[in-house]
Amino acid sequence: MVDAPPRVLHVEDNDFFARITADVLGDYDIDVCTVGSADAALDKLAAEEFDCVVSDYEMPGMDGLELLDEVHESYPDLPFILLTGGGSEQIASRAISAGVTDYLKKATGKEQFTVLANRIENAISRRRTERRVDRQIEVNDRIWDVSQAVLRASSREEIEEIVCEQLAGTEPYSVAWVGKTDANANVIHPQVATGIDVAALEPIALAADRDDAPSEPRSTDGAASVSNPRLIREAIATETVQVATRPVPDADDRGGADRNGSEDADGESAVVAVVPLVYESTIYGTLSLWSVTRGAFGKTERRVLSKFGSSVAYAIDSVRTRKELVRREQRLQVFNRILRHNLRNDLNVVLGHAENLLEENPGSEADVDVIKRKVIELIEISEKAREVGKTLDREDETRTQIDLAESIEHTVEEFRQSYPETEILVDCPDSVYAYADKTIDAAISEVLENAIEHTDCESPSVTVCVSRPVDESGWVELAVLDDGPGIPEEEQEVLSEGKETALHHGSGLGLWLANWIVEKFGGELAFDDDRTDGSAVILRLQHASVAGDRTPEF
């Protein structure tokens, strides 16, 4: 969601200065609410939400520093900018010691308001960035916990109940409900809800008559607007998370729940997100989430929820048979582990460097480069996870023969260009055939990249060797040898056992992808335990004759 214009509470007993400040800051798209005393400011903060407080120092009764102490006691992260006409060093020192966000001396001329507007925007931007990252960490943790619980579910009904019960009722979401499609995927029927009475939700047609479709969702009894028909149709049609702001319905419709579990305030609004539950073009339904936090459902959160919706759809599809559930359980564990650890850690890095940019100081190119690099890494992880699903879910009817020598040749050539500092040696026959397809290139690339990226040598060396089988029924072995620190034993065990746990998991998707690809062709990924000076990853594939008249059993 795009952030709303900043709301600033200006505490100023000088009516003329207060009016001028409000008028000029309004030109900067800053919404200013002015009060004349500290007591009035505290009453206003208790009744409304603001992004920043700007207060004069000298006021009758409670002064600006005393107000700062009161505000920080109840709203510790709310930015507070102190204005003073005297600007003494003693006051500035006391303000800094008290934790003021910024300190500004009143001056003559319009320029002071430009400075004030910049200080306000910087303070609010910094706070919003911090809150976004804190929220994203909370979202990641909650989704991780829900995902783990979903993996243990044995029915669709149990999955839907887990998702709603564990996502809603507290921050970051106050309401969650799941609807599923009918047999023809034409109507969404609300099934389970937390934080709202499911009886208040009406069935929603996915195909509306364009001529008769209203411009806004109907709200004759409140229930239709709660369901957000148009939002759900758009989410299903585009298979993306859709977001809008809607008035919070009466507590009776929601089962008496709001952000704090008590009566909601008059005129309260919620940000509503609709997450499509779609797997392989099959529409299973939608997940609707509400948040009363301003600025909720930013780009990163929507991307995470989109992947979470896909994961929920995976689980629903998987419970059709126990065999399918076991196969998909492994993938969901890996995907959710990557989501939790990589995304969480990298977002903290982004926060640290983004804060440096908020002051708009020159010479921040290095910080920008760091941010771009980390974002690219997240995108690459996301894309790799997507490619894993596409590769492994594809059912190939025809088993083909390939020349491994050709695959190795062009793969190694690409890596030599990408890693010129690495010596890559090849020991391979002119031709050697195995049963596989072009996706074996991805397996070779992942093992080769793992060997290069995890070396600790200044001038690394990697060798790719292929051995022919003794007879036609044997294995073709493709080994990648490196001189690095070796693959930790616990990571080898994760792959050999074929299961990750909360305390026991691999470091990435690369070796998992290679393992799943060779398994698809009846092969296996193994490690040379006898090697002491580096690591050796072995891809075993069924040997194929050049004639190609034999189809193996996979």
Side-chain angles (χ1 to χ4, degrees), residues 1-4 6 49 51 76-79 123-150 163 166-176 195 235 240-245 259 270-276 287-312 332 334-358 367-368 370-386 502 508:
M1 291 291 290
V2 176
D3 286 325
E49 185 175 356
D51 297 303
D77 63 340
L78 182 62
I124 292 175
S125 295
R126 183 161 53 248
R127 183 197 186 204
R128 285 179 172 176
T129 300
E130 292 170 350
R131 293 179 70 176
R132 282 194 197 98
V133 174
D134 289 342
R135 176 183 175 87
Q136 193 60 57
I137 291 173
E138 188 174 11
V139 168
N140 293 345
D141 286 344
R142 183 61 59 85
I143 287 179
W144 168 256
D145 293 337
V146 175
S147 298
Q148 295 307 293
V150 165
V163 169
Q166 295 194 20
L167 279 182
T170 58
E171 291 295 341
Y173 308 116
S174 58
V175 172
T240 59
V241 177
Q242 297 294 312
V243 182
T245 302
R259 76 171 88 180
V271 186
V272 180
V274 177
V275 183
L287 165 65
S288 292
L289 297 169
W290 296 5
S291 176
V292 292
T293 302
R294 296 179 68 194
F297 303 113
K299 181 184 293 185
T300 300
E301 185 173 350
R302 293 199 304 272
R303 185 165 60 246
V304 170
L305 287 174
S306 177
K307 291 186 178 298
F308 174 69
S310 298
S311 296
V312 172
L332 287 173
V334 177
F335 293 161
N336 283 296
R337 193 268 302 166
I338 291 290
L339 176 67
R340 175 180 170 86
H341 290 278
N342 291 72
L343 189 56
R344 177 173 180 171
N345 294 338
D346 286 344
L347 280 174
N348 282 320
V349 174
V350 172
L351 172 63
H353 290 280
E355 289 178 343
N356 296 332
L357 297 179
L358 295 177
D367 291 320
V368 173
V370 172
I371 293 173
K372 289 182 178 180
R373 186 171 68 252
K374 300 310 295 185
V375 170
I376 290 173
E377 289 176 4
L378 287 173
I379 293 174
E380 289 176 348
I381 290 173
S382 172
E383 287 300 311
K384 184 173 289 187
R386 185 176 65 87

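Across all their heavy atoms, Q166 and D145 have their closest contact at OE1-O, 3.9 Å. For the residue pair V275 and G309, the shortest heavy atom distance occurs at CG1-CA, 3.7 Å.
Summarising the geometry, atom OG belonging to S125 is positioned 8.0 Å from atom CZ belonging to R132; distances are rounded to the nearest 0.5 Å. The line from CD of Q136 to CG of D141 is 10.0 Å long, rounded to the nearest 0.5 Å.
You'll find the side chain of R135 reaches within 4.5 Å of the side chain of S291, heavy atoms only. Looking at L289 and L305, their side chains come closer than 4.5 Å, going by heavy atoms from C-beta outward. Proximity of L167 to F308: side-chain heavy atoms (C-beta onward) are separated by under 4.5 Å at one or more points. Between L78 and R127, some side-chain heavy-atom pair lies under the 4.5 Å cut-off. A 4.5 Å side-chain heavy-atom check between V163 and L287 finds at least one atom pair inside the cut-off. Contact check for R128 versus D51: side-chain heavy atoms found under the 4.5 Å cut-off. V312 has its side chain out of reach of V146: every pair of non-hydrogen atoms, C-beta onward, lies at least 4.5 Å apart. Under the 4.5 Å side-chain criterion, counting only non-hydrogen atoms from C-beta, E301 is not in contact with V241.
Tested against Y173, the residues T293, V139, V292 include a single side-chain contact (heavy atoms from CB on, under 4.5 Å) partner, V139.
Partners of T240 according to the side-chain contact (heavy atoms from CB on, under 4.5 Å) rule, which considers only residues two or more places apart in sequence or in another chain, are T238, Q242.
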### Task
Would you sort out whether N140 and V304 count as a side-chain contact (heavy atoms from CB on, under 4.5 Å), showing the intermediate values?
CA-CA 8 Å; N140 293 345; V304 170; 4.0 Å; yes
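Side-chain atoms of S147 come within 3.5 Å of backbone atoms of I143 as a donor-acceptor pair (strictly under, hydrogens ignored).
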